[in-house]
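Naming: A, B, ... by sequence-line order, numbering from 1 per chain.
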There are 2 protein chains.
Amino acid sequence: MKRSSLADAPCPIARGYNAIGDWWSLLVVTHVVLLGRGRFSQIQDELGIAKNILSSRLRKLVDEGILEREAVAEGGNRQVYVATEKGRELYKVLVPLMQWGQTYFFEADDCPRELVDRSTGLAVAEVSIRSADGRELTLDDLRVLMHDGADSSA
Amino acid sequence: MKRSSLADAPCPIARGYNAIGDWWSLLVVTHVVLLGRGRFSQIQDELGIAKNILSSRLRKLVDEGILEREAVAEGGNRQVYVATEKGRELYKVLVPLMQWGQTYFFEADDCPRELVDRSTGLAVAEVSIRSADGRELTLDDLRVLMHDGADSSA
DNA sequence: CCGTATCCATTCCGATACTG
DNA sequence: CAGTATCGGAATGGATACGG
C-alpha cells in the first residue's frame, strides 16, 4: 500500500491522519495552531527541524487547506503562517492528545505545559466523549457503524 | 534531531505523538482500540500492511504499554492483541480525529463510519473542549502555560 | 494461523550551500 | 529572514521465503 492511497480510504481517521500524520506535520500544526507560532525561523528553531523539511511540510499543509500564508506588510519579505478554520478545528484533537501525553508520559505535576482558560486562568477539563443527549460515554459504550458493509462491535 | 529524541521532549504532545505517531501505529491502534480487532491476520488484511511492518509496530506498541498480547486458550498458537488502559484512553483522541476527518474529508452524510452509543443507538456528540467549570472553550480561549520559561499566548 | 528473516526500492531527514 | 537545491546516510515499506 502506498501511503498516499490513504487519502481515498473509506475511513475518516485514515484520511485525517493522512493529512497531518507524518512525522513533522502534527508538530508543525501544533506550533501554529496551539502556540500561535507563525514565523518560519521560529518554528524551525523551536522544533529543531531541518529547513528543507519544514519548507516541504508547510507547503503540504497549505496545499491541504490547513494553513495559510500571509504576507506581513512591513518591509522585507516576512511572512506568517496562520491556521485556517480547518486547521483551527484540530485543537479538538490536539488538546486530548496533550492530556493523554501528560497523563502517561509525565509524573504527577511534572508536566511543563498546562492548558488554561485565558480569561479566568482556570484549568481545561479532561476531554469527555458524550452522546448527543449529553451522557458521558466510555470506550465500551461506543459502537462504530460501517455503512458499507461489515459492522464492528467495539 | 533524531526522531527518537522526542521521547524526552518537554512537551506532552511530542511525547504522546512519539508513541503512536509513526505511519502505521495510529492505524493499528485504531483497529484494536476502536474496532476491537485483535488478530494479526485480520489487522493485516484490513489495513493492507506488510506483515513485517505490522509485526514491528505491534511489538513497539506492546513495549510502550499501549497494547498487550493475550494467548487464546484453544489449540494452535492463536493470540490476540488487546488495548491496555493507556491504550484504551486513546479513544479520547481517536474520536475527535474521526470527527475532524468526517467533517473535512467527506461530503455531508457520505461518511461510511458512524459513531453511536451502543445502548441507545444515539449519535456521539461533537467533542467540545471545556474549562474546569464546564464552559465551552474555543481555540482563542486557550492559553498554553510554559512552566519552564517562555509563555505562549495562543 | 502467527509471526520472523532477508532483500531491495523508495522515502525521509539533516547538513550544507546558495538565492532573493 | 525565508526559503530552495543538492547530496548521502538512515529509516521505512513491500514482497517473498521460511519456521513454530
Peer 1: Would you give the length of the straight line joining atom SG of B:C11 to atom CD of A:E46, rounded to the nearest 0.5 angstrom?
Peer 2: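 Result: 11.0 Å between the selected atoms.
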
Peer 1: To the nearest Å, how far apart are B:L27 CG and D:dG13 P?
Peer 2: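 Value for this atom pair: 11 Å.
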
Peer 1: Are any of the side-chain nitrogens in B:D22 or B:R57 under 4.0 Å away from the carboxylate oxygens of its partner?
Peer 2: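 Answer for the salt bridge query: yes.
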
Peer 1: Is B:E89 paired with B:K92 through a side-chain N to carboxylate O contact shorter than 4.0 Å?
Peer 2: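 Salt bridge: yes.
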
Peer 1: Short of 4.0 Å, heavy atom to strand atom, which residues of residues 59-69 of chain B count as contacting DNA chain C?
Peer 2: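 Those residues whose heavy atoms fall under 4.0 Å from DNA chain C, taken from residues 59-69 of chain B in numerical order, are B:R59, B:R69.
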
Peer 1: Examine distances only and state if a side-chain atom of B:Q44 and a backbone atom of B:L54 form a donor-acceptor pair shorter than 3.5 Å.
Peer 2: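 No; judged by distance alone, with no hydrogens or angles, the pair does not exist.
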
Peer 1: What's the CG-P distance between B:L58 and C:dG3, to the nearest Å?
Peer 2: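 It is 7 Å, rounded to the nearest whole Å.
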
Peer 1: Does the side chain of B:V116 reach to within under 4.5 Å of the side chain of B:L122, using non-hydrogen atoms?
Peer 2: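 Counting from C-beta outward, B:V116 and B:L122 never come under 4.5 Å.
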
Peer 1: Report the distance from atom CD of A:Q44 to atom P of C:dT16, rounded to the nearest whole Å.
Peer 2: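 In whole Å, C:dT16 P lies 13 Å from A:Q44 CD.
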
Peer 1: Is any side-chain nitrogen or oxygen of B:Q79 closer than 4.0 Å to OP1 or OP2 of C:dG3?
Peer 2: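 B:Q79 to C:dG3 OP1/OP2: side-chain N or O found under 4.0 Å.
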
Peer 1: Going by distance alone, is a donor N or O of one side chain under 3.5 Å from an acceptor N or O of the other, for A:D140 and A:T138?
Peer 2: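 There is no such pair between these side chains.
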
Peer 1: With a 3.5 Å cut-off and just heavy-atom distances, do the side chain of A:N52 and the base of C:dG14 make a donor-acceptor pair?
Peer 2: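 It does, because a donor-acceptor pair links the side chain of A:N52 to the base of C:dG14 below 3.5 Å.
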
Peer 1: Under 3.5 Å for both distances, Watson-Crick or G-U wobble, that's the pair rule; now give the dot-bracket for DNA chain C, with | marking pairs to another strand and [ ] for crossing ones.
Peer 2: |.||||||||||||||||||

Peer 1: Rounded off to whole Å, could you give me the CG-to-P distance for the B:D22 and C:dC12 pair?
Peer 2: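 So the CG-P distance, B:D22 to C:dC12, works out to 14 Å.
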
Peer 1: Counting only side-chain N and O atoms of B:Y81, is one of them less than 4.0 Å from OP1 or OP2 of C:dG3?
Peer 2: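 Result: yes.
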
Peer 1: Whole Å only: how far is the CD1 atom of B:I53 from the C1' atom of C:dT10?
Peer 2: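 Atom-to-atom, B:I53 to C:dT10, this comes out as 12 Å.
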
Peer 1: Is a donor on one side and an acceptor on the other found under 3.5 Å between the side chain of B:R118 and the backbone of A:R143?
Peer 2: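 No, because the side chain of B:R118 does not come within donor-acceptor range (under 3.5 Å) of the backbone of A:R143.
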
Peer 1: With the side chain of B:R39 defined as its heavy atoms from C-beta on, choose the nearest nucleotide among C:dC13, D:dG14, C:dC1.
Peer 2: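 Among C:dC13, D:dG14, C:dC1, the one nearest the side chain of B:R39 is C:dC1.
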
Peer 1: Nearest whole angstrom, please: distance from the P of C:dG14 to the CD1 of A:I49.
Peer 2: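 Computing the A:I49:CD1 to C:dG14:P distance gives 7 Å.
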
Peer 1: Hey, which sits more toward the 5' end of DNA chain D by its nearest nucleotide, A:F40 or B:K51?
Peer 2: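 Nearer the 5' end of the strand: A:F40.
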
Peer 1: It should be established whether A:W24 places a side-chain nitrogen or oxygen under 4.0 Å from OP1 or OP2 of nucleotide C:dT11.
Peer 2: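 For A:W24, the contact criterion (side-chain N or O under 4.0 Å from OP1 or OP2 of C:dT11) is not met.
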
Peer 1: Main chain of B:S25, side chain of B:K60: is a donor-acceptor contact present, judged purely on distance under 3.5 Å?
Peer 2: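 No, because the side chain of B:K60 does not come within donor-acceptor range (under 3.5 Å) of the backbone of B:S25.
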
Peer 1: Can you measure from CD (B:E107) to CD (B:Q102) and round to the nearest 0.5 angstrom?
Peer 2: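 Between B:E107 CD and B:Q102 CD, I get 12.5 Å after rounding to 0.5 Å.
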
Peer 1: Atom CH2 of B:W23 and atom P of C:dC13: how far apart are they, to the nearest Å?
Peer 2: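 So the CH2-P distance, B:W23 to C:dC13, works out to 11 Å.
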
Peer 1: Rounded to the nearest angstrom, tell me the gap between atom CG in A:D45 and atom P in D:dA2.
Peer 2: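 My rounded result for the distance is 10 Å.
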
Peer 1: My understanding is that only one of A:I66, A:I20, A:L47, A:I53 makes a side chain to side chain contact (heavy atoms under 4.5 Å, CB included) with A:V28; could you say which?
Peer 2: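 By the side chain to side chain contact (heavy atoms under 4.5 Å, CB included) criterion, A:V28 pairs with just one of A:I66, A:I20, A:L47, A:I53: A:L47.
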
Peer 1: If you check every side-chain atom of A:S41, which of C:dC13, D:dA2, D:dG14 has the closest atom?
Peer 2: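 So the nucleotide nearest the side chain must be D:dA2.
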
Peer 1: When you measure from the side-chain N and O atoms of A:R57 to the phosphate of C:dC12, is any distance below 4.0 Å, counting only OP1 and OP2?
Peer 2: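 The answer is no; no side-chain N or O of A:R57 sits under 4.0 Å from OP1 or OP2.
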
